[in-house]
Each structure stands twice: as C-alpha cells, then as structure tokens.
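Report on one structure; see the data block that follows.
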Amino acid sequence: MYGFINTCLQSLVIEKFGEETWEKLKTSAEVQDAFMTYTVYDDIITIKLIQEACKVLGISMEAILRLFGEYFFKFCKMSGYDRMLRTLGGNLTEFIENLDALHSYLALSYQEMNAPSFRVEREADGRMLLHYYSDRRGLCHIVPGIIEAVAKDFFDIDVTMDILSMNKEEERTGKKEHVVFLVVQKSHSQMGRAKPNRLKGNQDIQRDQEVLGLLSFLRMKEKYLSVSVCPVKKSHWEVVRSIVMFGKGHLVNTFVPVYPERLWIEQKTFCNAFPFHIVFDESLRVKQAGVNIQKYVPGLQNQKIRLDEYFSIIHPQVTFDIFSICKFINSQFVLKVRRERMPEAWKSQPALKLRGQMIWMESARCMIYLCSPKLRSLRELEAHRMHLSDIAPHDTTRDLILLNQQRLAEIELSNQLERKKEELRVLSQHLAIEKKKTETLLYAMLPEHVANQLKEGKKVAAGEFKTCTILFSDVVTFTNICAACQPIQIVTMLNSMYSKFDRLTSVHEVYKVETIGDAYMVVGGVPVPIGSHAQRVANFALGMRISAKEVMNPVTGEPIQIRVGIHTGPVLAGVVGDKMPRYCLFGDTVNTASRMESHGLPNKVHLSPTAYRALENEGFEIVERGEIEVKGKGKMTTYFLIRNLHASEDEIMGRPHSRLDRKGEQKREAASQSSDEMTPEGSSEAGQDSVEAADRQRSSDQTETPRFPNDVLPSGFCALL
C-alpha cells in the first residue's frame, strides 16, 4: 500500500486516541516514525498496525476496520479529493459504479496501486447487492465504513450493510476475496417520519417489526445463495423496470431521446473517427477494428481471429468470455496485447494497453469496445513509438497525457519535498536531543532561571536573600592522601564521592554552588527561597555522611572521613564573569559556614548557633558541643547534628523502600547512637579536646600545603570576609 493509507491510519489513531497511543502502537508494531505519501510500503506493515491497534485499544478487528473506513473517507476529503468524489455520481449506486474508474485515474499517479474492485446489482425493491473484490483478505469491513460515510455526507441517506457471502473468487482468474454485501438505503426524512410511530407503538409491535426485518434479510440471503452460476438473462423490460423501481420508485427526469431511422455514417468514416475500437461477437470473433488499433496490432486486420488470442484482460480480472464481460459491463476494461503475437521487431517495446468501455449491441449480438491507449506520460508514448496525432482529436487521452506529464513532475517534486521534510524532522529530533543535553549541562552550572536569562541576552541582577543555609564539607587528611597516591587515584576517589553527593542534591532539592579540590559547597533557600532550607541541608548532610562510608581511601583501603559544617544567615547572590559565568554567594554567612567545617570533627556535622535554632524542634537529634574558639569569630557555642528522628536511612538516601529486618535495624540504630552520642557531663570537655586535636591536625596539613593562606577562603567560593 502507499504511504497515504498508513498516514491516514496514523492520523486516525492520533485524533481519536491521542499521540501517546500512536507512539505505543508504533513501538509495538516496530514500524518507522513517518510515512511518505507516494512511497510504496509492504501490506504487512498496515496489517501489523491494525492488529496491534486491536490489542492496544481492546477493540475487535471489525470495529477498527469500520472506523478506519469512515475516517478514510474524511481523510480523502481533507486531502483535496472532496470535489472529485462528489462528482462521481448523482446517487450512491452511480458513485459505487464509478469507483473503479476513479481508481483507474489515480493509477496514473499511483502506478503501483492495487485497488479493490466493485460491482453493483440492483434489486427491484430498492435494495442492492454490492460485490467487493480484493487481493487482500480480511479487509472487507472497511467497505461498510466508507459507504455509510459517503451515503450520509453526499446523499443524506442512512445505509445498512450486511454480508451475504464471503468466499474466494471463482468467476475471475485469480484467487481473490469476493464479498457480497446487502445494501439497504433509507432517507433521513423517512426515518424522521417513522420515529414517532415507533415511539407510539408498544414493545410487541417493535419486536414484530424486528422479526419481519430479520426474516426479510434471511430470505434475501437465501435467494442470493441459491442463484445459479449462470443466471437466466433478464428481458429488456425487466431491466428497465428494475431501474425505474430502484431508489425512490420513479424517474425524476423523464427525458426521452430520439434515434434516427438508420445510422448516417459510413464504415470508413466510423473507423477513422474512432481509431481505437473493436467489435466482436459472442464467440469473441473480431468483426471490426479502428484504423490505428490495426496499425499497432496488425493481426486485427484478419477478421477471423479471436480477440482473446491477441489480448488478455488486465482489469477487471475476469475470464475472457462474453458472459463474464457482460457481468462487469459497467466496469472500465483494460486489455493488454499479448507480446508473442506482435511482430518480432516490436517485441522489445512495452506491451500496448488499451482502456475503455464495453457496450453490448443487442440487435447485432455483438460487443463494441471503445477504447484509447493507456498511457501515463510522453515517455510512455515515445516508448510505444506513438504520437499524439494517433489519438483522435475528440479523445481526452491527448489532454490527459499532457496534464499527467505535469502531474508526474509535481509528484516527483512532492516526493523530494517529503524526503527533505522527513530529513528535517529527523535532524530536528537530533537537535532537540542535543539541545536537551546542552541545557542539562548548563543547568548543572547555573540555576535554571539564571541560565534562561543569560540565554536571552539579559543581565542577571544580584539578589539578596535574608535567610538561607550553607554547607561546606572536606575530606580529612586530604593533603596526606594526595602526597601518597597517584593523581588518577585522587580523581577517581573524588569523582566517586562527588557523584554520590550530586545525586543527593536532587533528592533533597538543594543547590550545589561549586567544588574546589576536596571542598564541596551547597546552599538551601537559594536561588529559590524556601522555608524548609535548613531541614533540607541537614538531611543532605546526613546523607553525605552515609555516602562517604561507601568511598574508599586509596592509601588505607578504609572508608574516607569527611567534616561537615552548616551555618544559617543572609547572603547576596549573583552571576560573576563573562567567560565562564558562575553563580556565587557573598557575605559573612559563607565565611562562618566554612569556619564550622574547618573547626569540625571527622564524620561529624557541625552546626552554628543560628543553624541549631533553625533546626530546633524540627525532628532532629542534636547535641551541644560546647563553647569553642572559632578563628576570626571568637568564642561560639556550637552543636553536632546526630540524626533525623522521623526519617530512615533509605529515605535520607532517596532509596526505594525495602522491607528490612526490624531487629537488625534496631541493632544498627543502637550501635549508631552509642558511637555518636556524647555524655552530657563530659560533652564540653570532650568536644574541646577533640577540636584541639583537629586544630593540630589542620595545622599539620597547612604546614605541608596551605589551602586557605592568610585566613582567606578559596577565591572560587567568592566569599567576602
């Protein structure tokens, strides 16, 4: 099938069930992202899409096909075929009878199109039998959807369609699907008049009507199935009567033509006026042929030959006998010249195809085939060594070839545009992916609203935050580790640690300011103010302490130890620099938070007085360290954060909840408390001894490689002392 069909199916699913359903359907069917209108796709793709739609939507195959048929008609109208469809016929029967002619015309553009075929049998009681032939099995339920939509839209009638029979085609040469539908038409006005009567009637009357309708349908089905393969030919007046009785029961236009007493045209003039025609009798013996068809099929000059010796029927695919031709007399016939009957010098040329109409002449008991060469373009005309002058001036085939030549050029241009469009769509998808990566990287360096302002070329004004919570951390004896390890080991250790910390920033929604060496800085309440900034930073600090136990010291092979310091206070924040702009924090709060870290103890979370007040009565276990001397700040009473009383370790770490052994969990909590808690009586003295030991160790580190010379923080933190 052409991409037009698959595109219609895609549009149906998106319009009725949403874009997400189509993406799911496309993934399960394993088909490409987009279809191009004039590209031929394997029928398996369409069948697979329909089957997967049944599974995904939970709808039967028949319901999906009916819905598709109804939407296909709507889609054709939206695609520019509205006027073409409206002019096919004045009523539903004429519309269906001319569908094959429409397919024949569309085949000029869609050269690989394998369309179904339709044939109508009229019944005297206003019903009709619709014969549907197709190379594709299982798609017949599309037909009721299309026909019902056409009847409502174009002719303002309701149609009911029931399947009388479904079998493989026997009267045609190929093994095709042949489905016969019983079509009953009823106008809206008749339904409107019948509705009040039905409402007035009781349930018994309604049930009787339903039974009568069912019996009528069964009789019609039995009548059709009992018809012999070669039915008795109707008389002329029976045919006229059936036509008169069809539809509304009377002829709207009572036009009566006038015929001459004899035909006022000579044989030679007729054969020249209709250069492509053939007259043959019931035994297919050729009686007459136009002058140009004799020119390109020389065997027709011998009037004793049989037509099927020189031609084969391409469409409709019926057996080549007079009975089958009469049965499909309303169809457009395409005949193809048999190559073996052509002169030897012509066998390298493409086989000539003729397209035209069969007309039965009752008085002569002969059939006339009025036809024209089936040509799509000037290139095909040249390939058959023909000229436009070979076609009669009154024959629109001349204009059709010239118009279709332009149409084919437009189709090729449309194909190129569709291919370019598809390439641009794929490139756009790749660009969107790369843009997302770039934005992710940018948002990792700057706050999102700040990055968006910089992208728009705006200047970001500095902002003052009255309260926020800042955290600093570093690795204990980091200088000694660096001296004893290879650089790659240091990088691996820091990368492992920082990756774990970075994940925790997303869990607790705090902003990572930056890292310098082993120092890690985050802030809560900046750049987006939030009331729970202290609690978020505190939970983050507890998570850091747990994560640090999973990072090994490359020297000792034991888990590394970190110091964490937290302080709460006001800051000024803004973007600094043009080359590599950074979002930096300024103020004494930054300096104090750093002092809390540098005066802390290994594996402890050190809190300033303001941080303690922010976390007091918030569900955290906090112990007082006591009064200590803080460099540049004097004496301060500080605290240690022990744990969150209302959150488990999994919640702190942002892990999925798992069922833990309660006894084991209680043991771990007891062990943690015994190791972390300090006795109230000796807390101040023990804390003072510990900080003195930490200061001695810090002095030892600074003697080797001073990280904060002259009592100044690293410039990367942009802290104002």
Side-chain angles (χ1 to χ4, degrees), residues 1-15 19 22-23 25-27 29-50 68 71-85 87 99 101-116 135-136 315 334 349-350 353 355 373-384 386 388 396-436:
M1 296 185 184
Y2 275 87
F4 184 82
I5 304 296
N6 296 330
T7 303
C8 174
L9 182 58
Q10 176 183 354
S11 179
L12 166 64
V13 174
I14 292 175
E15 182 175 318
E19 184 79 34
W22 169 250
E23 291 297 328
L25 176 61
K26 182 180 64 176
T27 303
E30 298 178 347
V31 299
Q32 60 265 49
D33 290 338
F35 301 99
M36 289 187 285
T37 304
Y38 297 102
T39 301
V40 181
Y41 297 91
D42 196 318
D43 288 358
I44 295 175
I45 295 176
T46 308
I47 299 299
K48 190 184 294 185
L49 282 171
I50 294 174
F68 175 74
Y71 189 82
F72 181 70
F73 168 66
K74 175 183 175 182
F75 189 75
C76 289
K77 289 174 58 182
M78 292 188 301
S79 300
Y81 294 97
D82 183 23
R83 183 167 296 175
M84 183 184 297
L85 292 171
T87 54
L99 281 177
L102 175 62
H103 290 154
S104 178
Y105 165 74
L106 293 176
L108 296 174
S109 302
Y110 300 89
Q111 299 184 15
E112 302 294 327
M113 184 172 68
N114 184 15
D135 289 336
R136 304 177 180 92
H315 179 82
V334 178
Q349 299 176 196
K353 292 181 182 179
R355 178 180 59 193
K374 190 175 185 293
L375 302 170
R376 293 188 179 95
S377 63
L378 295 175
R379 181 179 298 177
E380 290 188 9
L381 188 73
E382 292 176 342
H384 288 89
M386 299 179 69
L388 288 176
T396 56
T397 303
R398 297 163 66 119
D399 300 327
L400 189 60
I401 292 172
L402 295 174
L403 290 173
N404 200 55
Q405 180 71 26
Q406 181 180 359
R407 169 70 174 159
L408 291 175
E410 293 173 354
I411 289 175
E412 179 59 30
L413 181 60
S414 178
N415 270 327
Q416 294 178 10
L417 290 174
E418 277 194 324
R419 285 193 290 269
K420 291 295 182 185
K421 180 182 176 182
E422 179 63 15
E423 291 175 6
L424 289 174
R425 188 187 65 83
V426 173
L427 288 175
S428 178
Q429 286 183 340
H430 292 166
L431 181 61
I433 293 172
E434 295 302 321
K435 183 181 178 183
K436 190 173 182 64

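Positions are given from 1 along the sequence.
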Checklist outcome for this item: To the nearest 0.5 Å, atom CG of Leu417 lies from atom CZ of Arg419 at 9.5 Å
Checklist entry - How long is the span from the CG atom in Leu9 to the CZ atom in Phe75, to the nearest 0.5 Å? => result 10.0 Å
Checklist outcome for this item: Separation between CD1 (Ile45) and NZ (Lys48), nearest 0.5 Å, reads 7.5 Å
Item to check | Within-4.5 Å side-chain heavy-atom neighbours: Leu49 and Val13 | outcome: no
Item to check | Whether over 12 other heavy atoms sit under 6.0 Å from Leu413 CG | outcome: yes
Checklist entry - Using 4.0 Å as the upper bound for N to carboxylate O, is an ion pair formed by Glu422 and Arg425? => result yes
Item to check | Set of side-chain hydrogen bond (donor to acceptor under 3.5 Å, both in side chains) partners for Lys26, sequence neighbours left out | outcome: Glu23, Asp33
Checklist entry - Side-chain contact, heavy-atom cut-off 4.5 Å: Glu15 with Lys74? => result yes
Next on the checklist: With rounding to the nearest 0.5 angstrom, report the CE to CG distance, Met84 to Leu102.
Outcome noted: 6.5 Å
Next on the checklist: Using side-chain heavy atoms (C-beta onward) and a distance below 4.5 Å, is His384 in contact with Pro373?
Outcome noted: no
Checklist outcome for this item: Minimal heavy-atom distance between Ala383 and Pro350, with the atoms involved, is O-CD, 3.6 Å
Checklist entry - After noting the C-alpha distance and the side-chain angles of Leu12 and Phe72, does the key distance pass the side chain to side chain contact (heavy atoms under 4.5 Å, CB included) rule? => result CA-CA 8 Å; Leu12 166 64; Phe72 181 70; over 6 Å; no
Checklist entry - Between Arg136 (side chain) and Ile47 (backbone), is there a donor-acceptor pair under 3.5 Å? => result no
Checklist entry - Excluding sequence neighbours, so at least two apart, what forms ring-ring contact (aromatic ring centres under 6.0 Å, His included) with Phe73? => result Phe154
Next on the checklist: One pair to check against salt bridge (charged side-chain N to carboxylate O under 4.0 Å, His left out): Glu380 and Lys353. What are the steps and the verdict?
Outcome noted: CA-CA 11 Å; Glu380 290 188 9; Lys353 292 181 182 179; over 6 Å; no
Next on the checklist: Could you walk me through whether Leu381 and Leu388 satisfy the side chain to side chain contact (heavy atoms under 4.5 Å, CB included) test, starting with their C-alpha distance in whole Å, then the side-chain angles of each, then the deciding distance to 0.1 Å, before giving a yes or no?
Outcome noted: CA-CA 8 Å; Leu381 188 73; Leu388 288 176; 4.0 Å; yes
Next on the checklist: To the closest 0.5 Å, what do you measure between CD1 (Ile401) and CZ (Arg376)?
Outcome noted: 11.5 Å
Item to check | Asn114 CG to Asp43 CG distance, which is reported to the nearest 0.5 Å | outcome: 7.5 Å
